[in-house]
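Quick notes on the structure that follows.
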Protein chains: 2
Amino acid sequence: MKITRKGEYAMRALVDLALHYKKGMRQIQDIVREEDIPEKFLEQILLALKNAGFVESKRGVGGGYFLSNPPDKILLGDVIRLIDGPLAPLDCVSKTKHVKCPKEITCGIHSVMLDVSNATAEILDHVTLADVCNRTKGMAERRAEHQMYYI
Amino acid sequence: MKITRKGEYAMRALVDLALHYKKGMRQIQDIVREEDIPEKFLEQILLALKNAGFVESKRGVGGGYFLSNPPDKILLGDVIRLIDGPLAPLDCVSKTKHVKCPKEITCGIHSVMLDVSNATAEILDHVTLADVCNRTKGMAERRAEHQMYYI
DNA sequence: GAAATTTCCGATTTGACATATAGGAATACT
DNA sequence: AGTATTCCTATATGTCAAATCGGAAATTTC
């Protein structure tokens, strides 16, 4: 699995929406300003996220986007699968994308990559948007502490 | 990390060489026949593997390739890093490839991807070519048993 | 020492895909 | 009616994976 810009933008946008959960609409422009993402590109991404049910939207004046579900119900693994495809490092290992691999039957490499794939999924399917927000917060706080010591 | 064809071919070729370790030279043609890899492409790959010290070679009649070290001393992680680059799913997480990421300081996503990167490395830096060979063998045997039961 | 074999090496090609950008249609509010 | 905002499709662009080509260099064999 390689996470593309698109996938990274999708996660950043969703984290942004998570930080503003239940605080009203969030417009593309707001996210663009905050996250420094090309506007038209983000538009496409949010559309995909909407069609997949991660976010909802409202058009017109005062419109915008918001999360369909609470941040602690949205798994990073699902977001990445939607935008960047299977988590497996090799296509022939993926459960969703069925590509036959040569000599799969006796392929030890395949077996190792399955382990990697499972380890990755184990992490990404247990980390929610809320977790990401907390991590970010925690990192910022630790950083603030460090600064205090040096004053 | 996405493993490309090139990386897959490299691993398959090395496993092939591992299976013939200490049994003399192995020519490109032999590997091509066994593993079904485009010949000229494999040529490039073996050259890279040679320059990196994984294999040695000899030219001319009766020449060919062979592993520089025993199969149980070659880690899959090192092979993949050489051919396909850093194991991290995001470049800004990689330790080798230094790309600055926006707002890295407070980036929870970064932190999660670091976990993924470490989990991947933990696996691939402990699996050797010998392990892969054994896995392949084990899978083939289990398959043989199954067939026996059904006779 | 000529011929055959095999690796070595750089250049080029091809196609797919990531990364956007453009332009307007549809909808909702004031 | 007019403005703001999302929706949607098409197109451009650049990069890189994947492979091919043509010949140079080394080694063995006869």
Side-chain angles (χ1 to χ4, degrees), chain A residues 1-13 17 24-33 35-68 80 82-86 89-91 97 99 102, chain B residues 1-13 17 24-33 35-68 80 82-86 89-91 97 99 102:
Chain A
M1 166 211 44
K2 171 82 168 67
I3 292 176
T4 64
R5 275 281 151 74
K6 197 170 174 182
E8 188 201 322
Y9 291 160
M11 288 187 278
R12 296 234 303 268
L17 290 179
M25 299 281 180
R26 189 93 172 130
Q27 295 170 3
I28 286 187
Q29 286 288 351
D30 299 330
I31 305 177
V32 162
R33 249 191 310 273
E35 297 289 337
D36 206 35
I37 299 171
E39 179 173 347
K40 278 298 198 176
F41 199 13
L42 180 57
E43 208 175 281
Q44 286 180 27
I45 294 167
L46 285 170
L47 201 52
L49 290 173
K50 189 201 156 196
N51 289 334
F54 289 100
V55 304
E56 291 175 42
S57 64
K58 203 179 161 191
R59 292 200 254 201
V61 179
Y65 295 89
F66 56 98
L67 291 183
S68 305
I80 294 173
L82 173 72
I83 302 292
D84 282 336
L90 276 176
D91 280 348
K97 196 170 180 179
V99 178
Chain B
M1 165 210 45
K2 172 81 169 72
I3 292 175
T4 64
R5 274 280 152 72
K6 196 169 174 184
E8 188 201 320
Y9 291 160
M11 288 189 277
R12 295 235 302 269
L17 290 178
M25 299 280 182
R26 189 95 171 127
Q27 295 169 4
I28 286 186
Q29 286 288 350
D30 298 331
I31 305 177
V32 162
R33 250 191 309 275
E35 296 290 337
D36 207 32
I37 298 172
E39 180 174 346
K40 279 295 197 175
F41 200 13
L42 180 57
E43 211 175 75
Q44 286 180 28
I45 294 166
L46 284 169
L47 201 51
L49 291 172
K50 188 202 158 196
N51 291 333
F54 289 101
V55 305
E56 291 174 41
S57 64
K58 204 180 161 191
R59 294 200 256 202
V61 179
Y65 295 89
F66 56 98
L67 291 183
S68 305
I80 293 173
L82 173 72
I83 302 292
D84 283 336
L90 276 176
D91 280 346
K97 197 171 180 177
V99 179

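So you know, we letter chains A, B, ... as the sequences are listed, proteins then strands, and number each from 1. Not measured: the values here are computed from a predicted model.
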Say you draw a straight line from [atom1] of [X] to [atom2] of [Y]; how long is it, rounded to the nearest 0.5 Å?
X	Y	atom1	atom2	answer
A/Met11	A/Ile83	CE	CD1	9.5 Å
B/Leu90	A/Met1	CG	CE	8.5 Å
B/Glu8	B/Ile80	CD	CD1	10.5 Å

Check whether any side-chain N or O of A/Tyr9 sits under 4.0 Å from OP1 or OP2 of C/dT19, and answer yes or no.
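For A/Tyr9, the contact criterion (side-chain N or O under 4.0 Å from OP1 or OP2 of C/dT19) is not met.
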
With respect to the phosphate group of C/dC17, does any side-chain polar atom (N or O) of A/Thr4 fall under 4.0 Å of OP1 or OP2?
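Indeed not, no polar side-chain atom of A/Thr4 lies that close.
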
First and last nucleotide of DNA chain D, 5' to 3', lying under 4.0 Å from heavy atoms of chain A:
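Boundary nucleotides touching chain A, in 5' to 3' order, are D/dT3 to D/dA10.
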
Of B/Gln44 and B/Gln27, whose closest DNA chain C nucleotide lies nearer the 5' terminus?
B/Gln27

Measure the distance from [atom1] on [X] to [atom2] on [N] and round it to the nearest whole Å.
X	N	atom1	atom2	value
B/Ile31	C/dT7	CD1	C1'	12 Å
A/Phe41	C/dC17	CZ	P	15 Å
B/Lys40	C/dG10	NZ	C1'	11 Å
A/Asp84	C/dA18	CG	C1'	10 Å
B/Arg26	C/dT6	CZ	P	13 Å
B/Met25	C/dT6	CE	P	12 Å
A/Lys2	C/dA18	NZ	P	10 Å
B/Leu47	C/dT6	CG	P	18 Å

Check: residues 47-68 of chain B side-chain donor-acceptor pairs under 3.5 Å, at least two apart:
unit_1, atom_1, unit_2, atom_2, d
B/Asn51, ND2, B/Leu47, O, 3.3
B/Ser68, OG, B/Gly53, O, 3.0
B/Ser68, OG, B/Phe54, O, 3.2
B/Ser68, OG, B/Val55, N, 3.4
B/Ser68, OG, B/Val55, O, 3.4

Remember a base hit wins even if backbone is also touched, and classify A/Leu46 as base, sugar-phosphate or nothing at under 4.0 Å, heavy atoms.
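Here A/Leu46 touches no strand at all.
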
Among residues 48-56 of chain A, which contact DNA chain D at a heavy-atom distance under 4.0 Å?
A/Lys50

Output one line per pair: protein atom, nucleotide atom from nucleotides 26-30 of chain C, and distance, for all N/O pairs under 3.5 Å.
unit_1, atom_1, unit_2, atom_2, d
C/dA26, N3, A/Arg59, NH1, 3.4
C/dT27, O4', A/Arg59, NE, 3.4
C/dC29, OP1, A/Lys58, NZ, 2.8

Between A/Asp84 and A/Thr4 (side chain of the first, backbone of the second, donor and acceptor by atom type, cut-off under 3.5 Å), is there such a pair?
yes

Taking only distance into account, with no hydrogens and no angle test, what donor-acceptor pairs under 3.5 Å do side-chain atoms of residues 37-45 of chain B form with protein atoms, sequence neighbours excluded?
unit_1, atom_1, unit_2, atom_2, d
B/Glu39, OE1, B/Gln29, NE2, 3.0
B/Glu39, OE2, B/Gln29, NE2, 3.2
B/Lys40, NZ, B/Glu43, OE1, 3.3

